[in-house]
Amino acid sequence: GTSIIRIFRVARVFRLVKKARSMQQLFLTLMYTLPSLVNITMLLFATFFIFGVIGVQLFARIPINDTLHEHGNFHNLGLALMLLYQVATTETWSDIMAACMVQSPPSCGHNLVGKNDCGTNWAVPY
């Protein structure tokens, strides 16, 4: 029922594009730029992927805290990509960097495997 009405609403927009010459030019310009936008999107995803893998290698042992929460941390690649998107939007990026830096011993220590989970000095250039 309602999906048919939505289809007619979209068709109305296409009819408007056909009638208005300037709208038709804008629509054609959008269609011509789509392949370039796909290339830029793939390049951006490849950059995020590379930084995500590096982030997991550098910061995976840092425990979850107020800044590196359960939905955004470096414990696996998917969560690292979510956190990198958050950093790319400049949402609390400085807090995330501070959480990944070397912490003082009361707030960190050795985890169960005996590896240090205090952060790394690579947080600033990363």
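Gln86 meets the side chain to side chain donor-acceptor pair (under 3.5 Å) test with Thr92; sequence neighbours excluded. Leu68 is linked by a side-chain contact (heavy atoms from CB on, under 4.5 Å) to Ile62, Asn65, Asn73, Leu83, Ile96, Ala99, Cys100, counting only residues two or more places apart in sequence or in another chain.
Note on Met82 and Phe74: separate hydrophobic clusters, where clusters join Ile, Leu, Val, Met, Phe, Trp and Tyr whose side-chain heavy atoms are under 4.5 Å apart, directly or indirectly. Ile64 and Leu84 fall into different hydrophobic clusters, where Ile, Leu, Val, Met, Phe, Trp and Tyr side chains are chained together by heavy-atom contacts under 4.5 Å. The hydrophobic clustering, which links ILVMFWY residues whose side-chain heavy atoms are closer than 4.5 Å, places Leu79 and Ile54 apart. By the criterion of side-chain heavy atoms lying less than 4.5 angstrom apart, applied directly or through intervening Ile, Leu, Val, Met, Phe, Trp or Tyr residues, Met42 is not grouped with Leu34; the two fall into different hydrophobic clusters. Phe59 and Val56 are members of different hydrophobic clusters when ILVMFWY side chains are connected at heavy-atom separations under 4.5 Å.
Between His75 and Ala60, the closest heavy-atom pair is CD2-O, 3.0 Å.
Looking at heavy atoms from C-beta onward, Phe51 lies in side-chain contact with Thr47 at the 4.5 angstrom threshold. By the 4.5 Å heavy-atom criterion applied to side chains, Thr41 and Val38 are not counted as neighbours.
Rounded to the nearest 0.5 Å, atoms CD (Gln24) and OG1 (Thr29) are 10.5 Å apart. One distance of note links CD of Gln57 with OH of Tyr126; it measures 11.0 Å at 0.5 Å rounding.
Taking a 4.5 Å side-chain heavy-atom cut-off between Ile, Leu, Val, Met, Phe, Trp and Tyr, the cluster of Tyr32 extends to Leu28.
When the shell of 6.0 Å around CG of Asn39 is examined, it contains more than 12 heavy atoms from other residues, nucleotides or ligands.
Between Tyr85 and Phe48, the ring-plane angle classifies as tilted under the 30° and 60° cut-offs.
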